[in-house]
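For reference, the structure is listed below as structure tokens.
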Amino acid sequence: MAKDSESLNFIEQIVEQDLAAGLPKEQLRFRFPPEPNGYLHIGHAASICLNFGLGERYNAPVNLRFDDTNPTKEEQEYVDAIKHDIEWLGFQWATECYSSDYFQQLYDWAIELIKSGKAYVDKQSAEAMAEQKGTPTSPGVESPHRNQSVEENLDLFQRMKAGEFEPGTHILRAKIDMASPNMLMRDPLLYRIVKKAHHRTGNDWCIYPMYDWTHGQSDYLESISHSICTLEFKSHRELYDWFLDQIADPDRLRPKQREFARRNLSYTVMSKRKLLELVQSKTVSGWDDPRMPTISGLRRRGYTPESIRKFSEVSGITKRDSVTDVSLLEFCIREDLNKNATRVMGVLDPVKLIITNYPEGKVEMLTAENNPEIENSGTHEVPFSRELYIEKEDFKESAGNKFFRLSIGKEVRLKNAYIIKAESVVKDNAGNIIEIHCTCDLDSRSGSGTESSERKVKGTLHWVSIQHAVKAEIREYDRLFFDEAPDSYSDRNFMEFVNPESLKIVETAFVEPFLQEAKLDDKFQFQRLGYFTLDKEAQAGQLIFNKTVGLKDSWAKQQPQAEQQKQPAAQQNQSQHQGQRSAINEIQKISKKYTNLSGDKLETARTNIAKLAEEVAYEELEPLFNTAAKKVGTRIGVMIALGVLLKKGQERNAAIEAFIEAGLQDSNELLVEEAKGIE
RNA sequence: UGCCUGGUGGUCUAAUGGUAGGACAUCGGUUUUUGAUAUCGGUAAUCAAGGUUCGAAUCCUUGCCGGGCAACCA
């Protein structure tokens, strides 16, 4: 355990090395630099936790700096939302900074650059300059304006600032190297003309500095020791350093940029542009829609700051790109809510239950523990009466002995109440069960201490007294996309993968009266169902709950298996377990090298996989559908095996279809071929 | 076709030349007035081929695969 916490991520190691090399600890300073053009999401949380975590670890200041150099996209609304989210996550910044505070200094430095012959004003169109820029494999050509006199450049730049020119007509560029293998070094843009009011500087400026000309200098001005950003900025580092070379005083702290991989979450998208598209297309109700991976969406959904911080911690920081499975996020929130959520009862899909031997009109106030995980968390009262609602799926007229719930002639415990036995049902003309009649062991009341109350019965159900039930709307959420990585396809738009069933509204659920007093940030566990929190749209007399996440449900997992057992292929399941396991493993081993093979060897491998697939159960194969896209070999092997299973009569399901579809879209020909073969 | 960068179980991550470990997921046992929680156990990985070394996930070479780079965005 102790060893785990000792293990440093590579950024922390860099800091340690710098300290060891003589950097005074007092000079450590970090920053989190969002652009206020959208809401923060769970990916930003990684960066926030990294930077502020570093601050906590070394007792160093962390600035919040808004990178606000593009007034066409940025708004005060986003500034406010970002600040709120960071505070909600539980972090405090040392200084609230804005790149726009440095506009004058940046301008002055630009003048110096021009004077030293290292920047010039270009008058060409964007298209012309793009063409001159060359390509990654061929060098660019120099602009005809590149060698203008310093005087002319100075004059033009000052007139740009004075508003004499229209947007797009003039631009300030650094003079570096049009043949550099790094495209960013091919005379990058420093300033462009934008005639739009800025959320902080108003109309003071009509020229705005570009990111590269701003970021490093802002770090320098704030004496940031470690400027941490995501991997796509790696190639900007050369420019970052070049600019600092031009302006930095060697006696002052020189910031250094380091990059880590951005965090992706499965079944969602994580770019502000795409999230904005979901908002603007009304696919979701807003940035804080509970299905959104935004901090505000997660908050509304019922996630806690602790769970998000924990998720960031266990996800880690590295340089390899990855897609973290949502199940890890769900684990983090369940872990927190299990410890802290108040236990209550609510019925989402009700059926009427009548206890025939319980007196009509009688009401008992029973005692319910608020939270068994917390000592002294107190209790609250739950009214009990003759007529109750229970969950439809908690009753079956007749069932096998694996069904721990209510069926005719069987007993179950009503949570915090009595043990009951189902006797009969009343059905409507269509054959639907509309009432369940049962009898109750009147000595068995929970906590009464009687012998009957101590009896062990296999199942326990949640319930609500009809007479006392409070109506509530329940909103249940599923993944927003049905593809694991909806934005990973070059030829398909991520919007094609939107899950049409991501929101399910239960208009009329019934909850216990205790919940009438629920407040906005309260966290509840609806026992046996999941974790719920009040939605901000709830009003007095109109309860609305968001389902944060369900409880783990090993019973639900058994269901599909039980159905499979009826099919002939399945009974070997147990006996051949060992054999099957090695078969699937063997397939994985062969597959891994698959793309390295050719000719006869390839053919042999394919045949072997197909042969081994005969021994494999579908349940073993399905997890491998999640194999990362880059592990093509494994995916090919799985595709071959899947083909064998389908031939044997395996029914197609959504997961299978999605896997085949992904295969068809892949760039690897072998994989496409296999996918086509079974399409 | 250039430059940069990365490849450890299904997923995420440790091991920094010396026992491939942890978490999630998954499977199974125990406990349980939540089929939850808790608890115990199982399955499962170093992209490949060569080389250096007593010893390689780690160093070298070659190859394979993934990501980034040609916005008046950040």
Side-chain angles (χ1 to χ4, degrees), chain A residues 1 3-4 7 9 13 33-35 37 67 69-70 72-73 126 129-131 133-138 140 167-168 170-171 180-184 186 189 191-194 208 210-212 214-215 229 231-236 238 259 261 263 266 272-273 314-325 327-332 334 338-339 343 345 372-373 404-405 413-417 419 446-447 453 456-462 525 527-530 551-558 577 581 585 588 592-593 595-596 619 622-634 668:
Chain A
M1 282 303 258
K3 207 179 172 193
D4 281 359
S7 147
N9 67 48
Q13 288 177 26
E35 183 191 10
N37 68 341
D67 221 336
T69 58
N70 184 4
T72 63
K73 288 187 178 170
M129 283 189 285
E131 199 162 316
K133 200 142 205 189
T135 70
T137 51
S138 63
H170 294 70
I171 198 99
S180 170
N182 182 349
M183 299 291 289
L184 288 160
R186 324 244 261 226
L189 278 47
Y191 273 94
R192 77 288 213 189
I193 299 168
V194 180
Y208 290 91
M210 302 288 290
Y211 165 85
D212 287 304
T214 308
H215 204 94
C229 59
L231 235 34
E232 70 268 27
F233 290 97
K234 179 67 216 277
S235 53
H236 292 247
E238 192 179 356
E259 311 83 11
R263 178 148 307 288
S266 61
K272 282 194 268 189
R273 205 208 84 223
V314 300
S315 296
I317 298 290
T318 57
K319 295 174 88 159
R320 58 181 101 100
D321 38 35
S322 57
V323 182
T324 302
D325 202 288
S327 65
L328 187 61
L329 218 208
E330 292 179 346
F331 165 78
C332 292
R334 282 196 189 105
N338 173 54
K339 271 185 259 161
R343 312 294 139 125
M345 292 193 285
E373 303 286 322
F404 301 164
R405 308 175 182 190
R413 157 81 59 188
L414 292 173
K415 181 78 186 172
N416 299 320
I419 294 171
S446 295
S453 73
K456 303 278 176 205
V457 287
K458 196 65 188 164
T460 302
L461 306 187
H462 60 276
Q525 185 200 84
Q527 285 172 108
R528 303 211 304 133
L529 295 178
L551 257 29
K552 275 179 68 177
D553 189 350
S554 52
W555 169 241
K557 267 181 223 155
Q558 279 180 38
H577 210 67
R581 199 148 247 142
N585 291 349
Q588 281 178 263
K592 247 183 174 174
K593 311 172 189 170
T595 50
N596 294 341
E619 290 70 34
E622 196 184 278
L624 299 178
F625 290 176
N626 290 325
T627 303
K630 63 185 175 187
K631 296 181 181 172
V632 189
T634 303
N668 183 293

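Because only heavy atoms are used, hydrogens play no part in the values below, and waters and symmetry mates are left out as well, while side chains stay in. Keep in mind the model is a prediction, meaning the values are calculated, not measured. Below, chain A is the first sequence line, B the second, and so on; all start at residue 1.
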Q) Sub-3.5 Å donor-acceptor pair from the side chain of A/Lys415 to the main-chain atoms of A/Met345, do we have one? A) no
Q: Could I get the full list of salt bridge (charged side-chain N to carboxylate O under 4.0 Å, His left out) partners for A/Arg405, not counting sequence neighbours?
A: A/Glu393, A/Asp394
**Q.** Residues in side-chain contact (heavy atoms from CB on, under 4.5 Å) contact with A/Leu328, at least two apart in sequence or another chain
**A.** A/Phe311, A/Val314, A/Ser315, A/Thr324
Q: Could I get the full list of side-chain contact (heavy atoms from CB on, under 4.5 Å) partners for A/Lys458, not counting sequence neighbours?
A: A/Phe404
Q: Using the test ring pair (Phe, Tyr, Trp, His ring centres under 6.0 Å), find all partners of A/Phe331 that sit at least two apart in sequence or belong to another chain.
A: none
Q | Atom P, compared across B/G17 and B/G51: separation rounded to whole Å | A | 23 Å
Q. When rounded to the nearest Å, what value does the distance between P atoms of B/U46 and B/G9 take?
A. 7 Å
Q | Partner residues of A/Arg320 under the salt bridge (charged side-chain N to carboxylate O under 4.0 Å, His left out) criterion, sequence neighbours left out | A | none
(Q) Roughly how many Å apart are B/U43 and B/A15, using the P atom of each and rounding to a whole number? (A) 25 Å
Q: List for me each residue that meets side-chain contact (heavy atoms from CB on, under 4.5 Å) alongside A/Lys234, sequence neighbours excluded, and say none if there are none.
A: A/Arg237, A/Glu259
Q: Extract the stems that RNA chain B is part of, considering only consecutive pairing runs of at least three Watson-Crick or G-U wobble pairs, both distances under 3.5 Å.
A: B:2-7 with B:64-69, B:10-13 with B:21-24, B:26-30 with B:38-42, B:47-51 with B:59-63
Quick one: which protein N/O atoms are closer than 3.5 Å to N/O atoms of nucleotides 72-74 of chain B? Pair and distance per line, please.
{"residue": "B/C72", "atom": "N4", "partner": "A/Gly168", "partner atom": "O", "Å": "2.4"}
{"residue": "B/C73", "atom": "OP2", "partner": "A/Arg192", "partner atom": "NE", "Å": "3.1"}
{"residue": "B/C73", "atom": "OP2", "partner": "A/Arg192", "partner atom": "NH2", "Å": "2.8"}
{"residue": "B/C73", "atom": "O3'", "partner": "A/Arg192", "partner atom": "NH2", "Å": "3.2"}
{"residue": "B/C73", "atom": "O2'", "partner": "A/Asn70", "partner atom": "ND2", "Å": "3.1"}
{"residue": "B/A74", "atom": "OP1", "partner": "A/Thr69", "partner atom": "OG1", "Å": "2.6"}
{"residue": "B/A74", "atom": "OP1", "partner": "A/Arg192", "partner atom": "NH1", "Å": "3.4"}
{"residue": "B/A74", "atom": "OP1", "partner": "A/Arg192", "partner atom": "NH2", "Å": "2.9"}
{"residue": "B/A74", "atom": "OP2", "partner": "A/Tyr211", "partner atom": "N", "Å": "3.0"}
{"residue": "B/A74", "atom": "O4'", "partner": "A/Glu35", "partner atom": "OE1", "Å": "3.4"}
{"residue": "B/A74", "atom": "O3'", "partner": "A/Asp67", "partner atom": "OD2", "Å": "3.2"}
{"residue": "B/A74", "atom": "N6", "partner": "A/His236", "partner atom": "NE2", "Å": "3.2"}

Q) Rounding to a whole Å, what distance do you find between A/Glu330:CD and B/A25:P? A) 9 Å
Show each protein N/O and nucleotides 2-8 of chain B N/O combination with a separation under 3.5 Å, one pair to a line.
{"residue": "B/G2", "atom": "N3", "partner": "A/Pro136", "partner atom": "O", "Å": "3.0"}

Q: Using a 4.0 Å cut-off on protein heavy atoms (strictly under), produce a 5'-to-3' string for nucleotides 32-40 of chain B with B for base contact, S for backbone-only sugar-phosphate contact, and - for none.
A: -BBBSS---
Q | Whole-Å C1' distance, B/C27 and B/G50 | A | 39 Å
Q: Could you tell me which non-hydrogen atom of A/Lys272 sits nearest to which non-hydrogen atom of A/Glu35, and how far apart they are?
A: NZ-O, 3.0 Å
Q) For atom P, what is the distance between B/C24 and B/G66, given to the nearest Å? A) 32 Å
(Q) Going by the rule side-chain contact (heavy atoms from CB on, under 4.5 Å), which residues pair with A/Asp321 if we only count those two or more places apart in sequence or in a different chain? (A) A/Lys630
Q) So, the side chain of A/Arg186 versus the backbone of A/Thr135: is there a donor-acceptor pair under 3.5 Å, distance only? A) yes
Q. Where is the tightest heavy-atom contact between A/Tyr208 and A/Val194, given as atom of each residue plus distance?
A. CE1-O, 3.4 Å
Q: Using a heavy-atom cut-off of under 4.0 Å over every strand shown, decide if A/Ala628 touches base, sugar-phosphate, or nothing.
A: sugar-phosphate
Q: For A/Leu328 and for A/Thr318, find the nucleotide of RNA chain B with the closest heavy atom, then tell me which residue's nucleotide is more 5'.
A: A/Thr318
Q: Output all residues satisfying ring pair (Phe, Tyr, Trp, His ring centres under 6.0 Å) with A/His462, sequence neighbours left out; order by chain, then residue number.
A: none
Q | Heavy-atom pair with the smallest gap, counting every atom of A/Asn182 and A/Glu238 | A | ND2-OE1, 2.9 Å
(Q) In whole Å, measure the gap between the C1' atoms of B/U61 and B/U52 for me. (A) 11 Å
Q.
With rounding to the closest Å, how many angstrom separate the C1' atoms on B/G7 and B/C40?
A. 35 Å
Q. Between B/G55 and B/G41, how far is it from one C1' atom to the other, in whole Å?
A. 33 Å
**Q.** Whether A/Arg413 side chain and A/Ser453 backbone form a donor-acceptor pair below 3.5 Å
**A.** yes
Q: Round to the nearest Å and state the distance from A/Glu622 atom CD to B/C27 atom P.
A: 11 Å
